[in-house]
Amino acid sequence: MDLVKRITRSRPVQEALGFIVAGYLKLVQRTNRFVMEPADAYDRIDMPVIAAMWHGQHFMIHFAKRPQDRAASLVSRSGDGEFNAIALRHLGVRAIRGSGARGRDIRKKGGVQALRAMLKALSDGEMVVLTADIPKIARVCGQGIVTLAQLSGRPIVPVAVVTSRRIDFDSWDKASIGLPFGRGAMVLGDPIHVPREADDETMERLRRTVERELDRVHERAYVLVGSKDPGAKDPGIRPHQVLMRDSRA
């Protein structure tokens, strides 16, 4: 197993795999009939924005990007992150390497450099794509993305991109990847602005707003393709309580 890991994480193999995955995703994008909701979504958006997504929904998020929009995406420093960064490069998205924190503050656990890079990208006119939830705590919005919006002055736009034909993985984040020759939906939420002077109570309220809006756009996207979101929350669970318990751990 160690030998396999070394091989798959070697630079030549990762370059090849990244190229193949990017080519496959381009095929999925070309062969699915996509609708966007709302149809005038980009008329409502003042670029650049912080595009928010859930973990597990990251494979096709770039489909919602217009060709003229420059974009950067936060990618972990892990070996798997290197592979993702290569695939993104072939898809026209610049990777910002950094690690989010298990806690909720993006500035902790080595995230300061990534935060600075994302702030610079936004100030230079690049859209930043970011997962709103934290690894291993699926679909519970962390404070990091709200902090980025507060410091940058740029709005958060929740985004969902799904297809009718897809593979749903039995992973912690219920990841999905589209298959060719189906129907697709791209749903963009309204921009969520975070005031620079926001206090803790306001930040928590806006964090929950991002969480609700991400759930809403995903539910709507799956409805548009005649399917059900495999990662939808149990209605009896209150996700923000999970976040509070984890932050105290």
Side-chain angles (χ1 to χ4, degrees), residues 48-58 61-62 71-78 80-81 84-85 88 93-124 126-160 172-173 175 189-218 231 233 238-249:
V49 299
I50 302 164
M53 60 181 174
W54 283 143
H55 267 96
Q57 302 295 310
H58 59 283
I61 195 74
H62 71 279
S73 180
L74 181 64
V75 178
S76 77
R77 296 169 177 169
S78 67
D80 291 339
N84 288 332
L88 285 172
V93 179
R94 184 172 68 88
I96 294 174
R97 304 304 300 273
S99 300
R102 177 71 173 177
R104 303 304 150 233
D105 192 338
I106 198 171
R107 293 166 291 191
K108 296 179 181 178
K109 290 194 176 180
V112 173
Q113 184 177 358
L115 176 60
R116 289 174 178 167
M118 289 187 288
L119 289 171
K120 185 177 188 305
L122 289 164
S123 68
D124 290 344
E126 276 186 295
M127 172 173 61
V128 168
V129 183
L130 185 65
T131 52
D133 47 355
I134 304 300
K136 309 304 180 184
I137 309 178
R139 307 221 178 177
V140 177
C141 182
Q143 198 68 53
I145 195 168
V146 184
T147 299
L148 178 62
Q150 180 189 36
L151 295 177
S152 67
R154 303 311 305 164
I156 300 167
V157 176
V159 182
W172 68 268
D173 55 5
D190 290 330
I192 300 169
H193 296 268
V194 181
R196 187 172 291 273
E197 67 279 5
D199 57 17
D200 289 346
E201 183 179 348
T202 301
M203 293 287 281
E204 172 61 15
R205 175 176 57 82
L206 291 170
R207 183 195 68 77
R208 295 188 189 186
T209 298
V210 174
E211 188 173 292
R212 286 195 303 270
E213 280 298 290
L214 272 169
D215 284 341
R216 183 188 67 81
V217 297
H218 279 83
K233 298 184 181 84
R238 301 177 68 183
H240 68 276
Q241 292 182 335
V242 176
L243 178 61
M244 292 173 65
R245 288 198 301 270
D246 184 78
S247 65
R248 291 195 296 266

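Only this structure's heavy atoms are used, side chains among them; waters, hydrogens and symmetry mates stay out.
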Quiz item: Can Thr147 and Met203 be said to form a side chain to side chain contact (heavy atoms under 4.5 Å, CB included), step by step?
Solution: CA-CA 8 Å; Thr147 299; Met203 293 287 281; 4.0 Å; yes
Quiz prompt | Worked verdict on His62 versus Leu88 for side chain to side chain contact (heavy atoms under 4.5 Å, CB included) | solution = CA-CA 9 Å; His62 71 279; Leu88 285 172; 5.5 Å; no
Exercise. Please test Ile61 against Val129 for side chain to side chain contact (heavy atoms under 4.5 Å, CB included), starting from the C-alpha separation and ending with a verdict.
Key: CA-CA 9 Å; Ile61 195 74; Val129 183; 4.1 Å; yes
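Rounding to the nearest 0.5 Å places OG of Ser73 at 8.5 Å from CG of Asn84. Atom-to-atom distance recorded for Arg212:CZ and Ile192:CD1 is 8.5 Å, nearest 0.5 angstrom. The structure places SG of Cys141 at 10.0 Å from CG of Leu206, a figure rounded to the nearest 0.5 Å. Rounded to the nearest 0.5 Å, atoms CD1 (Ile156) and CD (Glu213) are 11.0 Å apart. The NZ atom of Lys233 sits 10.0 Å away from atom NE2 of His218, with the distance rounded to the nearest 0.5 Å. Atom OG in Ser152 sits 6.0 Å away from atom CG in Leu119 (nearest 0.5 Å).
Here the closest non-hydrogen pair linking Val194 and Ala149 is CG2-CB, 3.7 Å. The two residues Ile134 and His55 make their nearest non-hydrogen contact at C-CE1, 4.2 Å. When all heavy atoms are compared, the tightest approach of Trp172 to Ile137 is CZ3-N, 3.7 Å. For Asp173 against Ala138, the heavy-atom pair with the smallest separation is CA-CB, 4.0 Å. The two residues Pro158 and Leu214 come nearest to each other via the heavy atoms CB-CD2, 3.8 Å. Nearest heavy-atom pair, Pro48 versus Glu126, reported as atom, atom and distance to 0.1 Å: CB-O, 3.4 Å.
Side-chain atoms of Arg196 come within 3.5 Å of backbone atoms of Leu151 as a donor-acceptor pair (strictly under, hydrogens ignored). Listed for the Arg97 side chain is a donor-acceptor partner under 3.5 Å among the backbone atoms of Ser76.
Listed by chain and residue number, nothing satisfies the salt bridge (charged side-chain N to carboxylate O under 4.0 Å, His left out) test with Asp199 (two or more places apart in sequence, or in another chain). Arg116 pairs by the side-chain hydrogen bond (donor to acceptor under 3.5 Å, both in side chains) definition with nothing, not counting sequence neighbours.
When the shell of 6.0 Å around CG of Asp200 is examined, it contains 12 or fewer heavy atoms from other residues, nucleotides or ligands.
Here the side chains of Arg207 and Glu204 are in contact, with some heavy-atom distance below 4.5 Å. The shortest distance between side-chain heavy atoms of Leu148 and Leu115 falls below 4.5 Å.
Exactly one residue among Val159, Thr131, Leu130 makes a side-chain contact (heavy atoms from CB on, under 4.5 Å) with Met53. That residue is Thr131.
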